[in-house]
Student: 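Shown below is the structure under consideration.
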Amino acid sequence: MGARGGLLTASRAVTGRRPLVVILAVLLFALGALAPAHLVSEFVLRLGVEGLLLGMLALSVAFLMRQAGLVALGAASIYGGVGYLFAITMSEWDLSPTAALFAAFVIVIVYAAVLGALIVRTNPLAFMMLTLAAGEMVSHGVMLEGLRDYTSGADGLVVNFQGAIFGLQAADFASAPRFWPIAWSAAWVLGLAVYATGRSRFGAILRAVRENEERMRFSGFGTYLPRLIAFVFVNGVAAVAGLLHVLNSQFVSPESLGLSVSTNALVASLIGGAAGSIGPIAGGLFFAFAQDEFGAHGFTQLLTGVAIVVFIVLFPRGIVGGLIEAARRRTYLAPRRGEAP
């Protein structure tokens, strides 16, 4: 009875704290959306926007890695590729900016579904290499001479658009103070979507497939479709981040499709912690500001490498993951007042 009573007490304590957690989350969302534009410079805001966008991309990488045990090294091809599609559908199909936005997103989803149908059956190592190969094909494809009229090759593509998107003009998206609340809100929406998906029955099935695919098949569960849906889902998350990126920068280049962007997203998810949705977003912000600081000293790559090693060794669950784990241990393992230790 003692152990059972302790578990019931802990469960009631957690349930009682939920309204407080919701209130704190709402306050944090409102404070984060409104305060930075009044407290920090535009340069810092731009770094923050870059960090949020990288964090959203890291969110897609972290979800697939944690829930399905699969590492995607081609996330940048979606992140940058959707920007090219947005620009090309406006210029070549004569679509309005809003219609081009939706068209680019739908094309990416169809591409992800076709690619996923071909590669999700493979083992994790082969999956990782195939996503890398697909990403490299896309990043080199935009530089082909035959496509230069559409992509501008290695020079990159300036994305000009006239008219409003959801009531906002191009100047609004390009302004860091005006764009920050948009990026902040999108990070929260995507984070909640990823969190809810991970906590759902679908997420439980994905984790079970990750742990023992053969047992799931023997139990009558399909293992192919859940992985395919997860792959399409995370590419949808990456596409949203990419569309926000091109709306803000109004420029897209082959570098945005490269392996380095995918690697940065993977590193951000490891730094913040792949668990939950907060970790990758926080990791993206941390990575963006750290890169700027390292660049000021002239040793960006060296200091980045050292920092990655230090964080992985000292914080194997990431910064946020480590803090959450410490809080849980304190909540559930610490002896209660009046109880024998």
Side-chain angles (χ1 to χ4, degrees), residues 25 28-29 32 36 40 44-76 78-80 128 131 180 183-195 197-198 233-235 237-242 244-245 248 256 258-295 300-328:
L28 178 61
F29 170 76
V40 299
V44 174
L45 274 180
R46 289 194 179 279
L47 280 179
V49 166
E50 289 179 12
L52 285 178
L53 295 175
L54 178 62
M56 287 182 249
L57 185 60
L59 197 61
S60 69
V61 174
F63 177 86
L64 197 63
M65 184 166 55
R66 175 175 171 79
Q67 302 294 329
L70 300 172
V71 178
L73 291 180
I78 300 296
Y79 181 76
M128 181 176 67
T131 57
W180 168 263
W184 179 258
S185 300
W188 275 72
V189 170
L190 291 180
L192 289 173
V194 167
Y195 176 79
T197 304
F233 172 69
V234 298
N235 279 283
V237 173
V240 172
L244 289 171
H245 172 260
N248 175 242
S256 64
L259 178 61
S260 61
V261 176
S262 297
T263 304
N264 290 347
L266 179 60
V267 170
S269 68
L270 293 174
I271 290 174
S277 300
I278 301 175
I281 301 294
L285 287 167
F286 186 91
F287 186 88
F289 283 99
Q291 285 276 284
D292 178 69
E293 186 64 27
F294 295 159
T300 305
Q301 299 302 323
L302 174 62
L303 294 176
T304 299
V306 172
I308 291 171
V309 172
V310 170
F311 272 107
I312 291 178
V313 171
L314 297 182
F315 304 98
R317 295 177 61 86
I319 299 174
V320 176
L323 292 175
I324 292 175
E325 182 67 22
R328 285 175 177 171

Student: Describe, in one word, how the ring planes of His245 and Tyr79 are oriented to each other, choosing from parallel (under 30°), tilted (30 to 60°) and perpendicular (over 60°).
Tutor: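 The rings of His245 and Tyr79 sit tilted, inter-plane angle from 30° to 60°.
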Student: Between Glu293 and Leu303, does a side-chain contact (heavy atoms from CB on, under 4.5 Å) hold up when you go through it step by step?
Tutor: CA-CA 10 Å; Glu293 186 64 27; Leu303 294 176; over 6 Å; no
Student: Would you call Phe294 and Val306 a side-chain contact if the rule is heavy atoms closer than 4.5 Å?
Tutor: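 No; the side chains remain at least 4.5 Å from each other.
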Student: What distance separates Ile281 CD1 from Leu190 CG, expressed to the nearest 0.5 Å?
Tutor: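 Result: 7.5 Å between the selected atoms.
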Student: Evaluate the ring planes of Trp180 and Trp184, with Trp represented by its six-membered ring, and classify them as parallel (under 30°), tilted (30 to 60°) or perpendicular (over 60°).
Tutor: parallel
Student: Please examine the side chains of Ile278 and Tyr195, heavy atoms only from C-beta on, and report whether any two atoms are closer than 4.5 Å.
Tutor: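 Of all side-chain heavy-atom pairs linking Ile278 with Tyr195, none is under 4.5 Å.
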Student: Do the side-chain N and O atoms of Thr304 and Gln291 include a donor-acceptor pair separated by under 3.5 angstrom?
Tutor: yes
Student: Please table the atom pairs, donor to acceptor, closer than 3.5 Å between any side-chain atom in residues 47-63 and protein atoms at least two apart or in another chain.
Tutor:
from	atom 1	to	atom 2	distance (Å)
Ser60	OG	Leu57	O	2.6

Student: Rounded to the nearest 0.5 Å, what separation is found between the CG atom of Asn235 and the CG atom of Leu64?
Tutor: 8.5 Å
Student: Rounded to the nearest 0.5 Å, what separation is found between the CE atom of Met65 and the CG atom of Leu270?
Tutor: 5.0 Å
